[in-house]
Amino acid sequence: MPSFTLLIDSLLSSSVDIIAVLLLIILIPLLIAFTVRAREERHFPLRSIPAYETIRRLASQATETGYPIHVTLGTGRVGTEATSDSLMGLVVFDYVARNAAISNQPVQASAGDATLLAGAQGVLQAARSEVGYPERYTGKEVSFYGATPQAYSAGTLSTLQDRRYLGNLFLGEFGPEGLWIAEAVADRGFPQVGGAAGPESAALLSAALDDTVV
C-alpha cells in the first residue's frame, strides 16, 4: 500500500512538472514577441472609448480658448471603500491640471470631502511646479463645500453657474446629487462626461451625461 501511494504521488508530481514545462514553452515565445513589438514602438490596437476621447479634446480646446474645465470629484473619502472612485477623479484632474499648467490656463474642481480637497490641491500644486511656475498656484482653484451631499451639490451648482466653462467632468463617488448637478446645468451648453464605479451612480449619470464610463 505505501508503495502504491508513493507511485501515485510520483505520477502526480511528474504531471505537474510536465504541465509547468509546457506552459513555459508556450509563454516564453509570447513574452519575447511582445517585448520585441514594444521595443519597436508598435502600438497595440485598443478600443476607442468616447468619454476618454472627449476629455482629451476638451483639454486641448481649453489650451486654445482659455476657458477652464470643471472637474466634479464627488463626495468619496480617500481611505474608505470609495477610494477607487476618488482616485479615478484625481487621476483625471491631474491630467487636466497638467495640460492647463503648461499653457498657464485656469482649471476648477469641486470636492465633497476633505481628503479629496487635499489630494486635488496637491495635484494642482505639483502641476504648476513641474512646469516651472510654482507661484501660479493659489490654492483657490479647488473648492470644498461641505461633507454632506446636499452642501456639496449646492456649492458645485453655484460654481458651475457663476462662470463659463468648456466642459464638466464627473468622476468619483456620487449619489442622487450627481444627477441633480448634471441636470441643473444641462442648459449651460458645455459637454458633461464622466462615470462612477457604483451601479446605481453609473445608471443615474448615464441618464444625464453626454458620455459615460462605467
For the side chain of [X] and the backbone of [Y], is there at least one donor-acceptor N/O pair under 3.5 Å apart?
| X | Y | answer |
| --- | --- | --- |
| Ser129 | Gln125 | yes |
| Ser86 | Gly76 | yes |
| Thr80 | Arg77 | yes |
| Glu177 | Gly175 | yes |
| Ser60 | Arg56 | no |
| Ser201 | Ala197 | no |
| Gln192 | Ala182 | yes |

**OP:** Evaluate side-chain contact (heavy atoms from CB on, under 4.5 Å) for Asp113 paired with Leu117, printing each intermediate quantity in order.
**Re:** CA-CA 6 Å; Asp113 183 80; Leu117 172 66; over 6 Å; no

Original post:
Between the side chains of Thr63 and Asn99, does any donor sit under 3.5 Å from an acceptor?
Top reply: no

Distance (rounded to the nearest 0.5 Å) between [X] [atom1] and [Y] [atom2]:
| X | Y | atom1 | atom2 | value |
| --- | --- | --- | --- | --- |
| Thr159 | His70 | OG1 | NE2 | 5.5 Å |
| Tyr145 | Leu157 | OH | CG | 10.0 Å |
| Gln108 | Leu124 | CD | CG | 9.5 Å |
| Ile181 | Leu160 | CD1 | CG | 7.5 Å |
| Leu73 | Leu169 | CG | CG | 9.5 Å |
| Leu205 | Asp211 | CG | CG | 12.5 Å |

Original post:
Mind checking whether Ile55 and Val92 have side chains closer than 4.5 Å, heavy atoms only?
Top reply: yes

Do [X] and [Y] sit in the same hydrophobic cluster, where Ile, Leu, Val, Met, Phe, Trp and Tyr count as joined when their side-chain heavy atoms come under 4.5 Å apart?
| X | Y | answer |
| --- | --- | --- |
| Val71 | Tyr67 | yes |
| Phe170 | Leu204 | no |
| Leu90 | Leu58 | yes |
| Tyr152 | Val142 | no |

Closest approach of [X] to [Y] (non-hydrogen atoms, all atoms of both residues):
| X | Y | answer |
| --- | --- | --- |
| Ala109 | Phe93 | CB-CE1, 3.6 Å |
| Asp85 | Ala196 | OD2-C, 4.4 Å |
| Glu173 | Ala82 | OE2-CB, 3.4 Å |
| Ala208 | Glu183 | CB-OE2, 3.7 Å |
| Pro191 | Asp210 | CA-OD2, 3.2 Å |
| Ala151 | Gly146 | CB-CA, 4.2 Å |

Subject >> Tyr95, OH: over 12 other non-hydrogen atoms inside 6.0 angstrom >> reply: yes

Subject >> Atom CD of Gln161: over 12 foreign heavy atoms under 6.0 Å >> reply: yes

Original post:
Which class fits the ring pair Tyr165 and Phe190: parallel under 30°, tilted 30 to 60°, perpendicular over 60°?
Top reply: perpendicular

Original post:
Which is it for Gln105 and Val96 under the side-chain contact (heavy atoms from CB on, under 4.5 Å) test, yes or no, and what are the steps along the way?
Top reply: CA-CA 10 Å; Gln105 298 294 336; Val96 174; over 6 Å; no

**OP:** Apply side-chain contact (heavy atoms from CB on, under 4.5 Å) to Phe174 and Leu179, showing your working.
**Re:** CA-CA 8 Å; Phe174 300 96; Leu179 176 63; over 6 Å; no

**OP:** Go through the steps to decide whether Val193 and Leu209 satisfy the test side-chain contact (heavy atoms from CB on, under 4.5 Å), and finish with yes or no.
**Re:** CA-CA 5 Å; Val193 301; Leu209 303 184; 5.7 Å; no

Subject >> Member of Arg163, Arg164, Glu141 meeting the side-chain contact (heavy atoms from CB on, under 4.5 Å) criterion with Pro68 >> reply: Arg163

